[in-house]
Participant: 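Could you have a look at this structure, given as structure tokens, before my questions?
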Amino acid sequence: MKRFSTFNAVSLTLGFAFLYLPMLILVIYSFNASKLVTVWAGFSTKWYGELLQNEAFLDAAWVTIKVAVASSTLATVLGTMAAYVLVRAGRFSGRTLFSGMIYAPLVMPEVITGLSLLLLFIGIGLDRGVLTIVLAHTTFSMAFVSVVVSSRLVSFDRSLEEAALDLGATPFDAFRLVTLPIIAPAVISGWLLAFTLSLDDLVIASFTAGPSATTLPIKIFSAVRLGVSPEINALSTIMIAIVTVGVISASLVSKNAALRQSRDEQAAART
């Protein structure tokens, strides 16, 4: 049976073109010498130099990175703990409510989430800034981390943990030395997912950001409303390059970790 037909090849090509052709056009026009983004006037890298001298964009990028690192780290810790409780704690009073509260941000509209967090911060008298953005991003991204980590914990062989406990390890040591290294690829994937969601968020950040803290998506959205400039194309190209490098690096790390785990399991089986 012929598995890869001409129809499949054409469909795959059109699908990839639909996804990546706009990005390719954006990258090409980031090297345009003209101020008009739709008129090609020759190859130039001057807009990257202009971007590096734009203090507003640089400040917004620094705020975005700080928020993304802090919120993704906090979301990974809380999401992993929540996933561990959901998978390992079994049936307990309030489990349905707990799981519903964990997964609610996955289906909740971002406008509702942003507005509710804004009212919460106003109600407790917390000034909007970097802290409020971090808390807001942690709130919705930890749900994604919980889904990723819990899916790995469900397929985890608990006999490895039990063997560590039989050998005298405490439950915390068994988790730290056995469980955590095995589920590390899922934890890393959850962190990267939370980091990407934080970098990409506009709606929730627009509700929870204050005048002293403007993220890069908010800054780009404000600038685009006045017209697309070549500096925005250059900035978008840099972001695409960073995301591409991050995805490739994460894939290599996860692949190496999976190969290492497979070798360890085979060695343990032979022993």
Side-chain angles (χ1 to χ4, degrees), residues 65-106 130-199 243 245-271:
I65 293 174
K66 290 193 299 183
V67 169
V69 171
S71 63
S72 58
T73 302
L74 186 58
T76 301
V77 174
L78 297 177
T80 302
M81 294 170 61
Y84 192 84
V85 171
L86 287 174
V87 175
R88 296 296 180 83
R91 304 298 302 180
F92 59 90
S93 179
R95 186 183 189 279
T96 303
L97 177 62
F98 178 73
S99 60
M101 294 176 66
I102 291 295
Y103 297 133
L106 294 174
V130 174
L131 177 60
T132 55
I133 304 176
V134 170
L135 295 176
H137 284 185
T138 302
T139 300
F140 76 89
S141 59
M142 66 173 292
F144 294 88
V145 177
S146 298
V147 172
V148 174
V149 177
S150 61
S151 63
R152 181 65 185 92
L153 284 172
V154 168
S155 60
F156 179 78
D157 187 3
R158 297 192 63 177
S159 62
L160 300 174
E161 255 184 10
E162 294 172 355
L165 294 174
D166 292 339
L167 293 174
T170 63
F172 177 76
D173 289 336
F175 175 81
R176 180 174 58 89
L177 299 175
V178 178
T179 307
L180 187 58
I182 294 177
I183 67 173
V187 175
I188 295 173
S189 299
W191 188 92
L192 290 172
L193 179 59
F195 185 83
T196 304
L197 291 171
S198 178
L199 287 179
V243 171
V245 172
V247 169
I248 294 175
S249 301
S251 299
L252 293 176
V253 170
S254 299
K255 182 179 179 180
N256 292 334
L259 291 175
R260 191 182 308 112
Q261 177 185 345
S262 178
R263 289 195 298 266
D264 294 341
E265 291 178 352
Q266 292 176 1
R270 287 194 298 266
T271 303

Participant: Report yes if the side chains of Leu86 and Ser150 come closer than 4.5 Å at any heavy-atom pair, otherwise no.
Facilitator: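 Heavy-atom side-chain distance check fails, nothing below 4.5 Å.
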Participant: What's the spacing between Leu78 CG and Thr73 OG1 if we round to 0.5 Å?
Facilitator: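 The distance works out to 11.0 Å.
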Participant: Considering all heavy atoms of both residues, which atom of Phe195 and which atom of Ser72 are nearest to each other, and what is their separation?
Facilitator: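 For Phe195 and Ser72, the tightest heavy-atom pair comes out as N-CB, 3.6 Å.
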Participant: Mind checking whether Ser71 and Ser198 have side chains closer than 4.5 Å, heavy atoms only?
Facilitator: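 A side-chain contact exists here, since the closest heavy-atom pair is under 4.5 Å.
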Participant: Which atom names give the shortest non-hydrogen contact between Val67 and Val134, and what distance separates them?
Facilitator: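 Smallest heavy-atom distance, with atoms named: CA-CG2, 4.0 Å.
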Participant: Step by step, work out the side-chain contact (heavy atoms from CB on, under 4.5 Å) result for Leu193 and Val145.
Facilitator: CA-CA 7 Å; Leu193 179 59; Val145 177; 6.0 Å; no
Participant: What are the two closest heavy atoms between Phe175 and Pro181, and how far apart are they?
Facilitator: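 Scanning both residues completely, I find the closest heavy atoms to be O-CD, 4.2 Å.
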Participant: Rounded to the nearest 0.5 Å, how far does CZ of Phe144 lie from CG of Leu106?
Facilitator: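 The CG atom of Leu106 sits 5.0 Å away from the CZ atom of Phe144.
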Participant: Show your working on side-chain contact (heavy atoms from CB on, under 4.5 Å) between Thr179 and Leu153 and close with a plain yes or no.
Facilitator: CA-CA 9 Å; Thr179 307; Leu153 284 172; 4.2 Å; yes
Participant: So Leu197 and Phe140, do their side chains get closer than 4.5 Å, heavy atoms only?
Facilitator: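 SC-SC contact between Phe140 and Leu197 confirmed.
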Participant: Quick one: closest heavy-atom pair of Ala186 and Val148, and the distance?
Facilitator: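 Looking at all heavy atoms of both residues, the shortest contact is O-CG1, 3.4 Å.
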Participant: Verify side-chain contact (heavy atoms from CB on, under 4.5 Å) between His137 and Leu74, making sure each step is shown before the conclusion.
Facilitator: CA-CA 10 Å; His137 284 185; Leu74 186 58; over 6 Å; no
Participant: What are the two closest heavy atoms between Thr80 and Thr76, and how far apart are they?
Facilitator: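 Taking every non-hydrogen atom into account, OG1-O, 2.6 Å.
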Participant: What's the spacing between Phe172 CZ and Leu180 CG if we round to 0.5 Å?
Facilitator: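 Nearest 0.5 Å value for the CZ-CG distance: 9.0 Å.
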Participant: State, with a plain yes or no, whether a side-chain heavy atom of Ile182 is found less than 4.5 Å away from one of Arg152.
Facilitator: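 Yes; the side chains approach each other to less than 4.5 Å.
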Participant: If you apply the rule side-chain contact (heavy atoms from CB on, under 4.5 Å), what do you find for Leu135 with Thr138, and how did you get there?
Facilitator: CA-CA 5 Å; Leu135 295 176; Thr138 302; 5.7 Å; no
